[in-house]
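Letters A, B, ... are given to chains in the order of the sequence lines, protein chains preceding strands, and every chain is numbered from 1. Values below: all heavy atoms of this structure, side chains included; hydrogens, waters and symmetry mates excluded. The structure displayed is predicted, hence computed values, not measured ones.
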Number of protein chains: 2
Amino acid sequence: MDKEKTGEFTIGALARRAGVGVETVRYYQRRGLLAEPQQTRGAYRVYGEAELARLRAIRRAQQLGFSLEEIDGLLALNADRDREHAREAAQAKIALIDSRIRQLEEMRDALAELVDCCRHTSAPSPCPILRALSND
Amino acid sequence: MDKEKTGEFTIGALARRAGVGVETVRYYQRRGLLAEPQQTRGAYRVYGEAELARLRAIRRAQQLGFSLEEIDGLLALNADRDREHAREAAQAKIALIDSRIRQLEEMRDALAELVDCCRHTSAPSPCPILRALSND
DNA sequence: GTAAACCCCGTACTCAAGTACGGAGTCAAC
DNA sequence: GTTGACTCCGTACTTGAGTACGGGGTTTAC
């Protein structure tokens with residue numbers, strides 16, 4: 001079943017098309033994020049375009065910063081009736097991302113300051129980075 | 001032993017002073033990040049100012065974005081002889097943080113675009129956020 | 001028919017940084 | 001002495017997103 005009939009995949013073929021691992025597909029199924037296909041060929045499950053689309057949507061949402069739990073919620077929304085919910089979810093995610101960016105910037109600035117200090121002092125004096133860790 | 005003699009702490013007192021949990025102190029000891037004190041009173045360990053300083057250094061380094069593994073390495077450096085090592089570690093961390101910031105900014109921008117699109121379309125048309133997840 | 005790739009299933013494990021028990025003993029205040 | 005807070009110890013568990021087995025069966029290409 002390596003010879004894919006259009007729109008019919010084994011789990012391995014589906015995984016490759018979606019850019020994930022076989023184990024990942026099984027994991028999503030186990031947690032209910034992806035349905036097991038009704039169709040089988042012998043003992044093997046046969047996946048269709050719907051499952052591939054679903055996997056791609058999951059990946060896209062992950063790239064936007066959503067967790068699998070959040071993605072489950074998002075993919076349960078109806079594009080016509082739940083506009084407000086989706087927008088709220090996106091805005092909440094934006095706020096979290098912004099907050100994290102600020103946090104990282106503070107870290108970066110603190111480190112940059114220490115490195116700069118390191119540049120302007122010479123070898124006989126102790127390392128300002130290590131001293132900053134050691135002192136109050 | 002709740003009556004702290006200056007520079008002598010039980011594990012609970014030390015944890016409170018350092019702003020961590022008792023379990024965290026034990027965890028750091030288990031992984032060798034913090035030494036067990038030589039001094040005891042009866043069955044209880046007695047910690048000193050050195051351990052408190054060490055814990056504070058760990059915390060400060062964590063706030064700068066270093067992992068416990070990295071902190072172990074940093075705290076093993078000598079402030080007089082290892083200036084270069086410390087500076088390199090800090091610079092590497094800066095690069096990682098910068099990269100992560102950029103990643104998050106891309107996420108944020110993508111989300112902001114979708115939210116903006118949502119604002120400029122009306123209820124009869126489907127939610128652009130959910131459509132973006134579903135389409136290529 | 002044979003061998004290799006693949007699938008299924010159930011369970012355990014990884015990563016990093018903790019946190020939470022349960023059981024037993026210790027210490028301090030009354 | 002009693003009680004409650006605390007300590008110690010060893011082990012298990014959490015979080016989120018996977019990943020890796022082992023064992024057995026199936027499919028495909030030669």
Is any side-chain nitrogen or oxygen of [X] closer than 4.0 Å to OP1 or OP2 of [N]?
X: A:Thr24; N: D:dT19; answer: yes
X: B:Thr10; N: D:dT7; answer: yes
X: B:Arg31; N: C:dA17; answer: yes
X: B:Gln29; N: D:dG10; answer: no

Checklist entry - Does A:Arg87 pair with A:Glu84 as a salt bridge, N-O distance under 4.0 Å? => result yes

[X] [atom1] - [N] [atom2] separation (whole Å):
X: A:Leu33; N: D:dA17; atom1: CG; atom2: C1'; answer: 11 Å
X: A:Ile58; N: D:dA17; atom1: CD1; atom2: C1'; answer: 13 Å
X: B:Arg30; N: C:dA20; atom1: CZ; atom2: P; answer: 13 Å
X: A:Arg41; N: D:dT26; atom1: CZ; atom2: C1'; answer: 13 Å
X: A:Tyr27; N: C:dC7; atom1: OH; atom2: P; answer: 21 Å
X: A:Leu14; N: C:dC6; atom1: CG; atom2: P; answer: 15 Å
X: B:Leu34; N: C:dG18; atom1: CG; atom2: P; answer: 13 Å
X: B:Tyr47; N: D:dC6; atom1: OH; atom2: C1'; answer: 13 Å

For residues 64-75 of chain A, dump all side-chain donor-acceptor pairs below 3.5 Å to protein atoms at least two apart in sequence or in another chain.
| unit_1 | atom_1 | unit_2 | atom_2 | d |
| --- | --- | --- | --- | --- |
| A:Ser67 | OG | A:Glu70 | N | 3.2 |
| A:Ser67 | OG | A:Glu70 | OE1 | 3.4 |
| A:Glu69 | OE1 | A:Arg31 | NH2 | 3.4 |
| A:Glu70 | OE1 | A:Ser67 | N | 2.8 |
| A:Glu70 | OE1 | A:Lys93 | NZ | 3.0 |
| A:Glu70 | OE2 | A:Lys93 | NZ | 3.2 |

Next on the checklist: Taking the side chain as everything from C-beta on, heavy atoms only, tell me whether A:Arg81 gets closer than 4.5 Å to B:Cys127.
Outcome noted: no

Checklist entry - Looking at side-chain heavy atoms only, is the closest gap between A:Arg100 and B:Met107 below 4.5 Å? => result no

Item to check | Residue closer to the 5' end of DNA chain C, B:Tyr28 versus A:Arg26 (nearest nucleotide) | outcome: A:Arg26

Item to check | Along DNA chain C (nearest heavy atom to each residue), the more 5'-positioned of A:Ala43 and B:Glu69 | outcome: A:Ala43

Item to check | Nearest listed nucleotide, side chain of A:Glu23, among C:dG18, D:dT19, D:dT7 | outcome: D:dT19

Next on the checklist: I want to verify a distance call: between C:dC8, D:dT7, D:dT26, whose nearest atom is closest to the B:Tyr44 side chain?
Outcome noted: D:dT7

Checklist entry - Has B:Glu113 got more than 12 heavy atoms of other residues, nucleotides or ligands less than 6.0 Å from its CD? => result no

Next on the checklist: Classify A:Glu70 by what it touches in the nucleic acid, base, sugar-phosphate, or nothing, heavy-atom distance under 4.0 Å.
Outcome noted: nothing

Next on the checklist: By nearest heavy atom, map A:Gly42 and A:Gly21 onto DNA chain D; which one lands nearer the 5' end?
Outcome noted: A:Gly21

